[in-house]
Undergrad: 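I'd like to ask some things about the structure below.
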Amino acid sequence: MCFAARGDRNFGFATIFLWRCPMLDSKLLRTNPEIVRKALQLRRATIDLDALLALDETRRQLTTEVETLKAQRNQASQQVAQMKRSGQDASALMAELGALSQRIKELDERCAAVDAQFQEMLLTIPNIPHASVPEGNSDADNTEVRRWGIPPQFSFTPKEHWEIGARLGGLDFETAAKITGSRFVLLRGWAARLERALFSFMLDVQTQEHGYQEVLPPVIVNRASLLGTGQLPKFEEDLFHLTGTDYYLIPTAEVPVTNIFRDTTLDEADLPMGLCAFTPCFRSEAGSYGKDTKGIIRQHQFHKVELVRLAHPDTSYDELELLLTHAEAILQRLELPYRVVTLCSGDLGFSAAKTYDIEVWLPGQATYREISSCSNFEDFQARRAGIRFRPKGAKKSALVHTLNGSGLAVGRTMVAILENYQQADGTVRVPDALQPYLGGATTIPF
RNA sequence: GGAGAGGUAGCGAAGCCCGGUCGUAACGCGCUCGACUCGAAAUCGAGUUACGGACUCAUACUCCGUACGUGGGUUCAAAUCCCACCCUCUCCGCCA
């Protein structure tokens, strides 16, 4: 078993620790609480670790106590069986065991209550950031990795995508508001077709050139799936929940696709594995009032082509770099300028150990905006979801590492095309790579 | 929606009627190691669940506990008996 490959990268605090104990579980919490405390501090998260540790202490005490009694009962029950078989009278022993069973029952209930409380709290502890993750408070502290492409120059003041969309008649927010409400859009004509062209193009590149297997999963998932990938229990308010059911609309295809492998033991030869899925995504955007209220940057429903990779723990950071290039390839083909940033510790998502965001250049806003997020979750999701593989020659199975990234967010890609390819006369040029998907059209509208 | 069958280890499957020697889960397949072989196949032998706890430098050994779809109940004792729910399959009905 070799985790040394990770150590080669960076002998930081977390790496050395992870090399020894590559898991965030109750054992890690108990044996190295300082590691967890440090990780929480890096993430600027406030969790009462001492309360959790105390709970664990109580839990283990009760467990030991009740298990001792159970061992007694099991032994005595065997005796009863033996006595009965040999025709002896076991009624005295049985009466005695009645009292023991009653005590076990009471103690068991207390133990289960404490354990449930402990598990519940443990599920709210985020993953430990990788050693290469820069420390920081917010997205302002994210570090730029590289830039690709040159932002286009315009002989006029470039417009924002919603202005372009309004003039060309493809983005109809008023009607969507009537049908549903705010933060929804009705795509008409060229916009609907452009959306379709974009996700077809993305799926073709990912499946035909990068070796991903295409899947089309349910977009409604149950609670267990959301616990597995880490959206629950902490982020209930970000999700659309179907009243009276155990069902939720997916916020990302990461949830159904990763959960394909929930409670599964894979062959080592299957790793690494890549799946991609085109799905709608649904986000309640609670708490985002006032942000991106114009246009289609931030919607309750949007389309995304998602890439999911399952990797061997030894190579998952190589897989992350690979995944990143798969997402970048789409922007390069569409000739859209972008930059890659590493999320700092304070901006990192709950389940991720390390995340690269790809930000595309938007001339209308004169800024880079997120269009893809590529993360290595290490074994965090795998532990929650029970995704394992059997290493060659090893007795025990091990947890896989899971990764995922957008390849790409379709709506935001349309935004980027409208803004980067806009022309003085108000029309928009079609990127060369997309023309075959639009019947050869070179200009929007078509 | 109606009727029936089923859910047991990586997979298939026995056990359930009649509770205890069946979770060290029959049997088969797969996988791992070994023997045989120039090598392979075939054959033979051994091994092969997960989680939690105790002990530990140890994710090594050993011991203990828990888990036979899920949750309850009966019992000294539940894969086995009772209740509720979930899921899968077959047939019927309805429907895109």
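Letters go in sequence order (proteins before strands), and every chain restarts at 1.
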Undergrad: Among pairs that include at least one residue of residues 256-283 of chain A, which meet side chain to side chain donor-acceptor pair (under 3.5 Å), considering only residues two or more places apart or in two chains?
TA: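 Applying side chain to side chain donor-acceptor pair (under 3.5 Å) to every pair that reaches into residues 256-283 of chain A, excluding sequence neighbours, yields A/Ser225-A/Arg262, A/Asn259-A/Arg262, A/Glu268-A/His312.
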Undergrad: Taking only the P atom of each, what is the distance from B/A26 to B/C16 in whole angstrom?
TA: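 Pairwise P distance, B/A26 against B/C16, rounds to 15 Å.
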Undergrad: Figure out the CD/P separation between A/Gln72 and B/U66, and round it to whole Å.
TA: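 Result: 13 Å.
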Undergrad: Expressed in whole Å, how much space separates the P atoms belonging to B/A96 and B/A3?
TA: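 Result for the P pair: 25 Å, nearest Å.
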Undergrad: For the residue pair A/His210 and A/His326, does the interplanar ring angle fall in the parallel (under 30°), tilted (30 to 60°) or perpendicular (over 60°) class?
TA: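 A/His210 and A/His326: parallel rings.
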Undergrad: Is a donor-acceptor pair below 3.5 Å formed from side chain A/Glu67 to base B/G52, judging by atom type as modelled?
TA: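 Side chain to base: pair found, below 3.5 Å.
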Undergrad: I need the CZ-C1' distance between A/Phe118 and B/G53, as an integer number of Å.
TA: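 In whole Å, B/G53 C1' lies 12 Å from A/Phe118 CZ.
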Undergrad: Rounded to whole angstrom, note down the P distance from B/G71 over to B/U62.
TA: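 30 Å, rounded to whole Å.
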Undergrad: Of all the choices, B/C76, B/G65, B/G52, which nucleotide is nearest to the side chain of A/Lys70 once you look at every atom?
TA: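 Nucleotide nearest to A/Lys70's side chain: B/G65.
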Undergrad: Is A/Arg383 near enough to B/C51 that one of its side-chain N or O atoms lies under 4.0 angstrom from OP1 or OP2?
TA: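 The answer is no; no side-chain N or O of A/Arg383 sits under 4.0 Å from OP1 or OP2.
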Undergrad: Please output the side-chain donor-acceptor pairs of residues 57-72 of chain A that fall under 3.5 Å, not counting sequence neighbours, one pair per line with the distance.
TA:
from	atom 1	to	atom 2	distance (Å)
A/Glu57	OE1	A/Arg60	NH2	2.9
A/Thr58	OG1	A/Ala54	O	3.0
A/Arg59	NE	A/Asp56	OD1	3.1
A/Arg59	NH1	A/Asp115	OD1	3.4
A/Arg59	NH2	A/Asp56	OD1	2.8
A/Arg60	NE	A/Asp56	OD2	3.3
A/Thr63	OG1	A/Arg59	O	2.6
A/Thr64	OG1	A/Arg60	O	2.9
A/Thr68	OG1	A/Thr64	O	2.7
A/Lys70	NZ	A/Asp108	OD1	3.3
A/Lys70	NZ	A/Asp108	OD2	3.1

Undergrad: Let's go through A/Arg183 and A/Glu285 carefully: what are the C-alpha distance in whole Å and the side-chain angles of both, what is the deciding distance for salt bridge (Lys or Arg N to Asp or Glu O under 4.0 Å) to 0.1 Å, and is it a yes or a no?
TA: CA-CA 9 Å; A/Arg183 288 204 193 282; A/Glu285 296 297 340; 5.8 Å; no
Undergrad: Does A/Ser397 have a side-chain nitrogen or oxygen under 4.0 Å from the phosphate oxygens OP1 or OP2 of B/A50?
TA: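 Answer yes for this pair, as a side-chain N or O of A/Ser397 is under 4.0 Å from OP1 or OP2.
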Undergrad: Taking atom OG1 of A/Thr124 and atom CD1 of A/Ile47, what is their separation to the nearest 0.5 Å?
TA: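 These two atoms lie 4.5 Å from each other.
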Undergrad: Could you write out each protein N or O paired with an N or O of nucleotides 54-56 of chain B at a distance under 3.5 Å?
TA:
from	atom 1	to	atom 2	distance (Å)
B/A54	OP1	A/Arg60	NH1	2.9

Undergrad: What residue pairs, at least two apart or across chains, pass salt bridge (charged side-chain N to carboxylate O under 4.0 Å, His left out) with a residue in residues 222-236 of chain A?
TA: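 Qualifying pairs, neighbours excluded: A/Arg223-A/Glu236.
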Undergrad: If the P atom of B/A67 is compared with that of B/A78, how far apart are they to the nearest Å?
TA: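 Pairwise P distance, B/A67 against B/A78, rounds to 8 Å.
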Undergrad: Check whether any side-chain heavy atom of A/Asn32 sits under 4.5 Å from a side-chain heavy atom of A/Val36, and report yes or no.
TA: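 A side-chain contact under 4.5 Å is absent here.
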Undergrad: Please give, in whole Å, the distance from B/U75 P to A/Lys105 NZ?
TA: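 About 9 Å, once rounded to whole Å.
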Undergrad: Could you walk me through whether A/Arg37 and A/Glu34 satisfy the salt bridge (Lys or Arg N to Asp or Glu O under 4.0 Å) test, starting with their C-alpha distance in whole Å, then the side-chain angles of each, then the deciding distance to 0.1 Å, before giving a yes or no?
TA: CA-CA 5 Å; A/Arg37 207 182 295 279; A/Glu34 292 319 309; 3.3 Å; yes
Undergrad: When rounded to the nearest Å, what value does the distance between C1' atoms of B/G19 and B/U74 take?
TA: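 Rounded to whole Å, the distance is 12 Å.
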Undergrad: If you measure from the P atom in B/A25 to the same atom in B/C64, how many Å do you get, rounded?
TA: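 Approximately 15 Å lies between the P atom of B/A25 and that of B/C64.
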Undergrad: Nearest whole angstrom, please: distance from the P of B/C64 to the CG of A/Leu62.
TA: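 Rounded to whole Å, this separation is 22 Å.
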Undergrad: State, with a plain yes or no, whether a side-chain heavy atom of A/Leu348 is found less than 4.5 Å away from one of A/Leu42.
TA: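 No - every pair of side-chain heavy atoms lies 4.5 Å or more apart.
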Undergrad: To the nearest angstrom, how far is A/Leu69 atom CG from B/A77 atom P?
TA: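 Value for this atom pair: 13 Å.
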Undergrad: Quickly work out the A/Asp115 CG to B/G65 C1' distance and round it to whole Å.
TA: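 Computing the A/Asp115:CG to B/G65:C1' distance gives 13 Å.
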Undergrad: Determine the interatomic distance between P on B/C85 and the same-named atom on B/G4; round to the nearest Å.
TA: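 To the nearest whole Å, 15 Å.
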Undergrad: Which ones in residues 90-99 of chain A lie close to RNA chain B, meaning a heavy atom under 4.0 Å from one of its atoms?
TA: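 A/Met94, A/Leu97, A/Gly98, in order of number.
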Undergrad: Does OP1 or OP2 of B/G65 have a side-chain N or O of A/Asn74 closer than 4.0 Å?
TA: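 Indeed, a polar side-chain atom of A/Asn74 lies that close.
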Undergrad: What is the distance, rounded to the nearest whole Å, between atom CD of A/Gln88 and atom C1' of B/G20?
TA: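 In whole Å, B/G20 C1' and A/Gln88 CD are 15 Å from each other.
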Undergrad: Using the P atom in both, what is the distance from B/U70 to B/A9, to the nearest Å?
TA: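 Their P atoms lie roughly 10 Å apart.
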Undergrad: In whole Å, what is the span from the CD1 atom of A/Ile104 to the P atom of B/A78?
TA: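 A/Ile104 atom CD1 is separated from B/A78 atom P by 10 Å.
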Undergrad: Tell me which nucleotide among B/A50, B/G20, B/G52 gets nearest to the side chain of A/Thr63.
TA: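 Looking only at side-chain atoms, A/Thr63 lies closest to B/G52.
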Undergrad: I need the full list of side chain to side chain donor-acceptor pair (under 3.5 Å) pairs touching residues 184-199 of chain A, with sequence neighbours left out, sorted by first then second residue.
TA: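 Qualifying pairs: A/Asp172-A/Arg188, A/Glu195-A/His303.
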Undergrad: Select base, sugar-phosphate, or nothing to describe what A/Ala71 touches, counting heavy atoms under 4.0 Å on all strands.
TA: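 Sugar-phosphate, backbone atoms only, no base.
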